[in-house]
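Everything on this sheet refers to the single structure shown next.
Nothing here was measured: the structure is a model prediction, and the numbers come from that model.
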Amino acid sequence: MPVPVPVPQQRGVPAAETPHGADLTVLVIEDDPAGSITGPELSAAAGTRVRIRTARNLTEAGRLLTDDVDCILLDLALPVPTTTATATTATTTAPAAPDHRPEPAPGRADELAVLTHVLRIAPLHAVLVLTAQDDTELAAEAVRVGAQDYLFRGELDARVLSRAIRYAVERKRADLAQHQLTESGLRAQENARLERGLLPTPLLEGSDLSFAARYRPGRSRALLGGDFYDTVRTPDGTVHAMIGDVCGHGPDEAALGVELRIAWRALTLAGLCGDQLLSTLQQVLEHERQSEEIFATLCTVDIAPDGRRAGLCLAGHPAPLLARHGRPARLLPYEDGGPALGLLPRARWPRRQVELGAEWSLMMYTDGLIEGRVGAGSSQRLGQDGMVAMVNSRLEQGLAGEELLEAAVAEVRELNGGELTDDVAVLLLGRAPERVRRRGRSASRPGPVSTAPPATAPAAASAQRPPLYGP
């Protein structure tokens, strides 16, 4: 007679995750009241305690199927009740896995109805089927449909059954692990496509400005961080650029950065600028942030249609870097900047007018570029002064545009002694004279920006240029 075992309390670990060598619980579903399997025999053969529960039909099986069941031993000859809906109330607490099992072959559906029902109510449990000695085809079809293995009723000795149960449990564990790995890979691909779609595409059609950008999220295996940037050209010919940084590096901060970027683009295209735009963005931040401690820094510039001057607003953000033709790069003024968004309810952000000149490059960046260390194990940060010196060194080498940004980010990472832990976003806008644009450096698409003086330029030419930031 089967050993009666009380139904234990459910646990949070699926049966397929039972450690090797631990106690086993087997649910036997067959209509033979005498039974042919005993717990002591299986325990002796398996070298560990084996507990057996018996169910005479699917309704009983539904009540006895709990999370601590390691393997189901199912007799395929069990009759299917006319109503099996009550058996679907199994008490398993683990989430059901998606059902990708193949359908039974034509003509086998009725013979495998019991199995398909058990697989539906117990997707995380190993299933071992019993069939007649001369029905090998049915046994193989049962495995194809989803059972882990099969046994013939005539070979049910304790040693064979114990080995088959262990094999079924391990195979189910491997199947679940492979399924989780596949699902994880698909999820990662979907997340990557989603994040890539959320990165900005500059709207500069019709402009004579060049554009380049570099973006490196601090989160491992992520494409999107709390830094954000965007560039658009409005119908009046003005080019608007923005770069910002939400405090923190997690997915919540990345999502908030995307919301702020999209809001900035919509407000800019609607005609807002300067203090009015930043005040509205602060309202968006206050409504969307997870806590009142979350804030965001922001830098915006609006470049006039002629490309010779710009308006600058700083909200707690580092000042951009401007390189004029024949002059070293220098930081734009930052004394009149306002606080970061989300810090003061009624803050104001003054807009400062900046003279750019005829040929220039403007680099906007987040603090991830300047907060890297200047040596492995060093506590010294690169800082803005170090960044200015680094950029000027690259400009002297003749680098511009994409090459300049790539070299700058690579050098910051090298100085840091490895990957940067903070997000890094760098945006480079530039304007070249007409003679350069005629050579193919049209700013209607991203391209390198010429910042080094031409070799034939007389020395007096640069000396007669206007001051870097205008009068």
Side-chain angles (χ1 to χ4, degrees), residues 200 202-204 207 209 211 226-247 253 256-289 291-322 330-357 360 362-367 384 425-427 429 468-471:
L203 299 179
L204 288 174
S207 171
L209 301 185
F211 170 90
D227 291 2
F228 54 98
Y229 68 89
D230 206 350
T231 308
V232 299
R233 180 177 183 266
T234 48
D236 64 354
T238 302
V239 172
H240 303 260
M242 169 272 290
I243 195 165
D245 182 3
V246 178
C247 64
E253 289 76 14
L256 182 56
V258 171
E259 291 180 272
L260 293 176
R261 180 187 69 79
I262 295 175
W264 176 87
R265 175 175 284 202
L267 294 170
T268 299
L269 293 175
L272 274 67
C273 185
D275 180 77
Q276 186 181 12
L277 186 149
L278 292 177
S279 297
T280 309
L281 276 183
Q282 174 157 278
Q283 295 180 41
V284 174
L285 171 66
E286 291 171 346
H287 285 288
E288 298 296 332
R289 63 186 175 183
S291 70
E292 294 185 357
E293 285 73 30
I294 299 295
F295 63 90
T297 66
L298 201 68
C299 169
T300 68
V301 296
D302 52 280
I303 303 170
D306 63 5
R308 292 178 172 270
R309 61 188 183 281
L312 170 68
C313 286
L314 293 175
H317 199 87
L321 196 65
L322 178 65
R330 294 176 56 185
L331 293 172
L332 289 178
Y334 52 86
E335 294 82 4
D336 295 334
L341 303 181
L343 293 183
L344 300 177
R346 289 175 293 276
R348 288 293 177 263
W349 294 272
R351 178 177 175 273
R352 179 163 187 162
Q353 188 75 13
V354 177
E355 293 296 327
L356 300 176
W360 49 268
L362 181 68
M363 190 175 87
M364 305 164 69
Y365 54 93
T366 57
D367 58 7
Q384 287 180 293
V426 192
L427 176 64
L429 289 169
L468 184 62
Y469 307 119

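Partners of E335 under the side chain to side chain contact (heavy atoms under 4.5 Å, CB included) rule, at least two apart in sequence or in another chain, are P333, R352. With sequence neighbours left out, Q276 forms a side chain to side chain contact (heavy atoms under 4.5 Å, CB included) with L272. Under the side chain to side chain contact (heavy atoms under 4.5 Å, CB included) criterion, L344 pairs with P339, A347, not counting sequence neighbours. With sequence neighbours excluded, the residues satisfying side chain to side chain donor-acceptor pair (under 3.5 Å) with Q384 are Y365. Residues passing the side chain to side chain donor-acceptor pair (under 3.5 Å) test with D227 are T366, sequence neighbours excluded. Residues satisfying the side chain to side chain contact (heavy atoms under 4.5 Å, CB included) test with E286, not counting sequence neighbours, are Q282, R289. Take D367 and apply the salt bridge (charged side-chain N to carboxylate O under 4.0 Å, His left out) test, not counting sequence neighbours, and it matches no residue. With sequence neighbours excluded, the residues forming a salt bridge (charged side-chain N to carboxylate O under 4.0 Å, His left out) with R265 are D230, listed by chain and number. Looking at residues two or more places apart in sequence or on another chain, you find no side chain to side chain donor-acceptor pair (under 3.5 Å) involving E292.
Shortest non-hydrogen contact noted between A340 and F295 is CB-CD1, 3.8 Å. In this structure, R261 and P200 approach most closely via the heavy-atom pair NH1-CB, 3.6 Å. The two residues A319 and L331 come nearest to each other via the heavy atoms O-CD2, 3.6 Å. Of all heavy-atom pairs spanning H287 and Q283, the tightest one is CD2-O, 3.0 Å.
Atoms CH2 and CG, from W349 and L277 in turn, are 10.5 Å apart once rounded to the nearest 0.5 Å. Here the CG-CG distance, from L260 to L267, works out to 10.5 Å after rounding to the nearest 0.5 Å. To the nearest 0.5 Å, atom CG of residue D336 and atom CG of residue L314 are 9.0 Å apart. Expressed to the nearest 0.5 Å, how far OH of Y229 lies from CG of L298 amounts to 15.0 Å. Rounded to the nearest 0.5 Å, atoms CG (L362) and CG (L321) are 8.0 Å apart. Once rounded to the nearest 0.5 Å, the distance linking CG of L204 with CG of L429 reads 7.0 Å.
Every pair passing salt bridge (Lys or Arg N to Asp or Glu O under 4.0 Å) that includes a residue from residues 273-285 is listed here, sequence neighbours excluded: D275-R348. Evaluation of the side chain to side chain donor-acceptor pair (under 3.5 Å) test over residues 294-314, restricted to residues two or more places apart or in two chains, returns T297-H317, D302-R351, D306-R309.
The backbone N or O of G307 lies less than 3.5 Å from a partner atom in the side chain of W360, making a donor-acceptor pair.
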Which pairs of donor and acceptor atoms, one on a side chain in residues 238-246, lie under 3.5 Å apart (sequence neighbours left out)?
from: T238; atom 1: OG1; to: D236; atom 2: OD1; distance (Å): 3.2
from: T238; atom 1: OG1; to: D236; atom 2: OD2; distance (Å): 3.3
from: H240; atom 1: NE2; to: T234; atom 2: OG1; distance (Å): 3.4

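Side chains of W264 and V232 form a contact here, defined as non-hydrogen atoms less than 4.5 Å apart.
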